[in-house]
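One structure is given below, encoded as structure tokens.
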2 protein chains.
Amino acid sequence: MKGDKKITLGLVDDHTLFRRGIASLLREFDELDVLFEAANGIELQAQLKAHEKQVDIILMDISMPKMNGYESTAWIKDNFPHTKVLALSMFEDEKAIINMLKAGAVGYMLKESRPSDLLMAMNTIMEKGFYINELVTGRLLSSLQHDKQTQQTSLKITERELEFLQYCSTELTYKEIAAAMNVSPRTVDNYRESLFAKLNIKSRTGLVVYGIKNDLIKL
Amino acid sequence: MKGDKKITLGLVDDHTLFRRGIASLLREFDELDVLFEAANGIELQAQLKAHEKQVDIILMDISMPKMNGYESTAWIKDNFPHTKVLALSMFEDEKAIINMLKAGAVGYMLKESRPSDLLMAMNTIMEKGFYINELVTGRLLSSLQHDKQTQQTSLKITERELEFLQYCSTELTYKEIAAAMNVSPRTVDNYRESLFAKLNIKSRTGLVVYGIKNDLIKL
DNA sequence: TTTGACTACCGTAAAAATACCCTGGCAAAA
DNA sequence: TTTTGCCAGGGTATTTTTACGGTAGTCAAA
């Protein structure tokens, strides 16, 4: 049922031990060919450009410094449309799933998964072009159709808002954050309210949890 | 400089892909012998009891369901005193480091580390009995001596407080948390203030971040 | 039995966070 | 050029959070 061609892979994850571990694990499978590893989106771009061989699937972490999983996935979709992205995340978070799928990922798996599940997912992707599991349900996919405008605008978190989001995970008050960011307290109010509206969140706590789950905040 | 005996290892991490990956990676080294893997402290206990062979080093994650890294490490120290625990964590968090060391870990490394660093750390542990790096500094170790009473009391988070801490990471207000916990709003105020005092934290945000870093809150 | 720890509760007041209204500059895109 | 989005700022009001002062029952350890 599988093709006789090896599946060519790329790994993107900033946790070196995890990345190297997965690479070692996957190299034990004859039907897989791990072409390269990258610690973030920037490295990934270089690797993809350097390889002449077509890369079938990229296992992509979400939380990474420099260029995260969303941006990296979108970039791949634009520049290497034949390369499929399978998201690998720590968290079962609906927003993260939606965002990755919207960026162009064809599947979403947890790092708790078993190696055999991962292998099966990759085979499915090679056959059907996508992988649907209990995390990626029909409901989610249909919601993707509708929210195109909603979600697209909601995804655009600006630089200042991101900076503000970082400060939200500290014990600084908004007034102190304003001082740290060199703006008026009213302005940080705007950042907050803008993020609340975009992400459908109602409290600073919610922002922090969202930021951590989506790796916008590094602890 | 290394002994000619293989270092026997056990892995404890709830993320299957990471655990299996690390296992595969470490099995490539001749001087290592990975005896078993476990997804949490309970499994670890069973594995340790089942193996006659002495386990030299256990690579231990902190955040795990059922029985976390702190409890597991303390249990090993009590029941298998010759087995060393090397903590493997996602986070560079001083409190987590201190707690793991206090529980009996002989070293603390990040999952960002390179495999060669991990190997070196394990060799160091076999030679000297402990591994000190930039995360585990002399200052930290000396603070361990002093805070025995401070930390011990400060560590005692009660069941209700822990439950409350979970709710803190949601978008519920304290009043709503009180309703969810079936107590008066005043009572959750006490939980909060008690935690603030114990952990030297001043805001709900701080509680949430502390809880996540120390795996008291599961996202 | 006394002590300490945990649980649960109450009142008051100040500080912080949140919601909703608004203006204007500036740069990039249409 | 007009529009759009981001950035920065302002006013007002309410809700929530936080701080600080207490009391009391239970249960286990000293």
Side-chain angles (χ1 to χ4, degrees), chain A residues 70-71 74 78 102 147-212 216-217, chain B residues 148-212 216-217:
Chain A
Y70 308 124
E71 302 170 79
D78 286 342
K102 284 210 317 123
D147 309 277
K148 276 198 174 161
Q149 67 288 44
T150 317
Q151 291 283 10
Q152 270 174 357
T153 52
S154 78
L155 265 187
K156 285 178 195 157
I157 295 175
T158 67
E159 272 306 307
R160 289 300 257 175
E161 286 167 355
L162 191 60
E163 201 183 334
F164 163 74
L165 191 52
Q166 291 283 345
Y167 282 112
C168 276
S169 69
T170 69
E171 295 210 325
L172 298 176
T173 66
Y174 288 130
K175 203 180 292 182
E176 291 167 333
I177 292 175
M181 291 180 71
N182 277 314
V183 294
S184 146
R186 314 290 176 171
T187 302
V188 304
D189 287 345
N190 286 341
Y191 297 151
R192 181 189 61 241
E193 288 177 23
S194 167
L195 285 173
F196 281 179
K198 286 177 185 173
L199 305 172
N200 193 28
I201 287 173
K202 286 167 209 66
S203 69
R204 177 164 174 174
T205 301
L207 276 187
V208 171
V209 172
Y210 174 89
I212 291 171
L216 302 172
I217 292 174
Chain B
K148 278 201 172 159
Q149 67 287 43
T150 317
Q151 290 282 12
Q152 271 174 355
T153 52
S154 76
L155 270 185
K156 284 178 196 157
I157 296 175
T158 67
E159 273 307 308
R160 289 300 258 175
E161 285 167 354
L162 191 60
E163 200 182 334
F164 163 73
L165 191 52
Q166 292 283 346
Y167 282 111
C168 276
S169 69
T170 68
E171 294 210 326
L172 299 175
T173 66
Y174 289 130
K175 202 180 291 181
E176 291 166 333
I177 292 176
M181 291 180 70
N182 277 315
V183 295
S184 147
R186 318 291 174 172
T187 303
V188 303
D189 288 345
N190 286 341
Y191 297 152
R192 181 188 62 240
E193 289 177 23
S194 167
L195 286 172
F196 281 0
K198 286 178 185 173
L199 305 172
N200 194 29
I201 288 173
K202 286 167 208 66
S203 68
R204 177 164 173 174
T205 302
L207 276 186
V208 171
V209 172
Y210 174 88
I212 291 170
L216 302 171
I217 292 174

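FYI, side chains are in, hydrogens and waters are out, and symmetry mates aren't considered; it's all heavy atoms of this structure. Labels below follow one simple rule: chain letters A, B, ... track the order of the sequence lines, proteins then strands, and each chain is numbered from 1.
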Residues that [X] engages under side chain to side chain donor-acceptor pair (under 3.5 Å), provided they are two or more places apart:
X        : answer
B:Asp189 : B:Arg192
B:Thr187 : none
B:Glu163 : B:Arg160
B:Ser169 : none

Could you tell me how far apart [X] ([atom1]) and [N] ([atom2]) are, to the nearest whole angstrom?
X        : N      : atom1 : atom2 : answer
B:Ile157 : C:dT7  : CD1   : P     : 12 Å
A:Leu199 : C:dT18 : CG    : C1'   : 16 Å
A:Lys175 : C:dA17 : NZ    : P     : 9 Å
B:Asp189 : D:dT16 : CG    : P     : 13 Å
A:Glu176 : D:dT18 : CD    : P     : 13 Å
B:Phe196 : D:dC20 : CZ    : C1'   : 14 Å
B:Arg192 : D:dC20 : CZ    : P     : 12 Å
A:Glu161 : D:dC6  : CD    : P     : 7 Å

Completion exercise
With sequence neighbours left out, the residues meeting side-chain contact (heavy atoms from CB on, under 4.5 Å) with B:Glu161 are B:Ile157, B:Thr158, B:Tyr191, B:Ser194, B:Leu195, B:Lys198

Handout entry: Nucleic acid contacts of residues 164-172 of chain A, taken as heavy-atom distances under 4.0 Å to DNA chain C
Key = none

Fill in the blank from the handout: Value for OH (B:Tyr174) from CZ (B:Phe164), rounded to nearest 0.5 Å, stands at 5.0 Å

Practice task
Between protein and nucleotides 24-30 of chain D, map the contacts as a letter string: B base, S sugar-phosphate only, - none, heavy atoms under 4.0 Å, written 5' to 3'.
Solution key: -------

Practice task
Respond yes when some side-chain nitrogen or oxygen of A:Thr173 is under 4.0 Å from OP1 or OP2 of C:dA15, and no when none is.
Solution key: no

Handout entry: Phosphate OP1/OP2 of D:dT15: any B:Tyr174 side-chain N/O under 4.0 Å
Key = no

Practice task
Answer with base, sugar-phosphate or nothing: what part of the nucleic acid does B:Glu193 contact at a heavy-atom distance below 4.0 Å?
Solution key: base

Handout entry: Degree of bending, the helix from C:dT1-D:dA30 to C:dA30-D:dT1 (end axes from five pairs; round to 10°)
Key = 50°

Fill in the blank from the handout: Note: contacts of residues 200-208 of chain A with DNA chain D (heavy atom, under 4.0 Å) are none

Practice task
Kindly say whether B:Asn190 contributes a backbone atom to a donor-acceptor pair with the side chain of B:Glu193 at under 3.5 angstrom?
Solution key: no

Problem - B:Leu216 backbone acceptor or donor facing B:Gln166 side chain under 3.5 Å - result: yes

So which protein N/O to nucleotides 8-10 of chain D N/O distances come out below 3.5 Å?
unit_1	atom_1	unit_2	atom_2	d
D:dA8	OP2	A:Arg160	NE	3.0
D:dA8	OP2	A:Tyr191	OH	2.1
D:dG9	OP2	A:Ser184	N	2.5
D:dG9	OP2	A:Thr187	OG1	2.9
D:dG9	N7	A:Asn190	ND2	2.7
D:dG9	O6	A:Asn190	OD1	3.4
D:dG9	O6	A:Asn190	ND2	2.8
D:dG10	OP2	A:Ser184	OG	3.2

Pairs under 3.5 angstrom, nitrogen or oxygen only, protein versus nucleotides 26-30 of chain C, please.
none

Using residues 200-209 of chain A as the side-chain source, report each donor-acceptor pair under 3.5 Å to any protein atom, sequence neighbours left out, with the distance given to one decimal.
unit_1	atom_1	unit_2	atom_2	d
A:Ser203	OG	A:Gly206	N	3.1
A:Arg204	NE	A:Cys168	O	3.0
A:Arg204	NE	B:Thr205	OG1	3.4
A:Arg204	NH1	A:Leu172	O	2.8
A:Arg204	NH2	A:Cys168	O	3.1
A:Arg204	NH2	A:Thr170	O	2.8
A:Arg204	NH2	A:Leu172	O	2.7
A:Thr205	OG1	B:Arg204	NE	3.3

